[in-house]
Amino acid sequence: MVDEEYVESVLDVVETIPPGSVMTYGDVAEAVGRVLRRGGPRQVGTVLRETGGAVPWWRVVNAQGSPPAHHLSRALGLLREEGCPLTPDGSKVHLRSARVPVDVPGV
DNA sequence: AAGGTGACTCAGG
DNA sequence: GCCTGAGCCACCT
């Protein structure tokens with residue numbers, strides 16, 4: 001139950017990310033942890049790995065601004081299509097402008 | 001119970 | 001900017 005709630009919250013937050021913007025795992029973890037006092041960046045990653053097919057997981061990047069190494073090319077392609085600000089080399093996301101404020105569904 | 005693993009993060013060199 | 005080491009949380013063997 002609880003883990004379902006956690007997963008639900010994570011997916012909800014990820015779905016909340018507007019096109020052309022991204023959120024870091026830490027931010028998502030904070031957004032979720034704001035209500036459910038647990039979980040961390042790693043748990044967010046695990047959840048997305050399991051259920052990522054149902055949400056725009058490519059809008060979730062790590063603190064370095066790089067999408068998961070497992071789908072780097074795919075994520076970058078999708079982000080580029082969405083008009084997400086990438087670095088000049090196009091290998092990472094320009095967090096400075098792409099990162100969006102934490103948005104929690106329950107608040 | 002103990003140790004290893006991973007879609008992570010931060011600090012230091 | 002890049003690589004290392006330590007910290008972190010939940011899960012699996």
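Here is how names work: the chains are called A, B, and so on, in the same order as the sequence lines, proteins then strands, and each is numbered from 1.
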Participant: Compare all side-chain heavy atoms of A:Gln43 with those of A:Val10 and state whether any distance is below 4.5 angstrom.
Facilitator: no

Participant: Tell me, which stems hold DNA chain B, with a stem being 3 or more Watson-Crick or G-U pairs in a row and both distances under 3.5 Å?
Facilitator: B:2-6 with C:9-13, B:8-13 with C:2-7

Participant: Scan residues 19-28 of chain A for pairs that pass side chain to side chain donor-acceptor pair (under 3.5 Å), counting only residues two or more places apart or in two chains.
Facilitator: A:Thr24-A:Asp27, A:Asp27-A:Arg99

Participant: Which pairs count as side chain to side chain donor-acceptor pair (under 3.5 Å) when at least one residue sits in residues 83-96 of chain A, sequence neighbours excluded?
Facilitator: A:Thr87-A:Asp89, A:Asp89-A:Ser91, A:His94-A:Ser97

Participant: Kindly check if the number of other-residue, nucleotide or ligand heavy atoms within 6.0 Å of CZ (A:Arg80) is above 12?
Facilitator: no

Participant: What is the 5' to 3' range of DNA chain B, first to last nucleotide, that sits under 4.0 Å from any heavy atom of chain A?
Facilitator: B:dG6 to B:dC10

Participant: Which atom pairs link the protein and nucleotides 11-13 of chain C when you take only N or O atoms and keep those under 3.5 Å?
Facilitator:
none

Participant: State, with a plain yes or no, whether a side-chain heavy atom of A:Val14 is found less than 4.5 Å away from one of A:Met23.
Facilitator: no

Participant: Is the closest side-chain heavy-atom distance between A:Val60 and A:Val22 below 4.5 Å?
Facilitator: no

Participant: Within this structure, what is the CD1-CH2 distance for the pair A:Ile17 and A:Trp58, rounded to the nearest 0.5 Å?
Facilitator: 10.5 Å

Participant: What residues in residues 61-71 of chain A put a non-hydrogen atom under 4.0 Å from any atom of DNA chain B?
Facilitator: A:Asn62, A:Ala63, A:Pro68, A:His70

Participant: Does the side chain of A:Ser66 come within less than 4.5 Å of A:Val93's, by heavy atoms?
Facilitator: no

Participant: Partners of A:Arg74 by side-chain contact (heavy atoms from CB on, under 4.5 Å), sequence neighbours excluded?
Facilitator: A:Trp57, A:His71, A:Leu78

Participant: Could you run through nucleotides 1-7 of chain C and give me one letter per nucleotide, 5' to 3': B if any protein heavy atom sits under 4.0 Å from the base, S if only the sugar-phosphate is that close, - if neither?
Facilitator: -S----B

Participant: Only counting residues at least two apart or in another chain, list the ones meeting side-chain contact (heavy atoms from CB on, under 4.5 Å) with A:Glu8.
Facilitator: A:Glu5

Participant: Any side-chain heavy atom of A:Val44 within less than 4.5 Å of one from A:Val32?
Facilitator: no

Participant: Which residues satisfy the salt bridge (charged side-chain N to carboxylate O under 4.0 Å, His left out) test with A:Arg42, sequence neighbours excluded?
Facilitator: none

Participant: Please identify each residue that fulfils side-chain contact (heavy atoms from CB on, under 4.5 Å) with A:Arg49, with sequence neighbours left out.
Facilitator: none

Participant: A side-chain contact here means heavy atoms from C-beta on lying under 4.5 Å apart; do A:Pro19 and A:Arg59 qualify?
Facilitator: yes

Participant: Sequence neighbours left out, what passes salt bridge (charged side-chain N to carboxylate O under 4.0 Å, His left out) with A:Glu81? Give chain and number order.
Facilitator: none

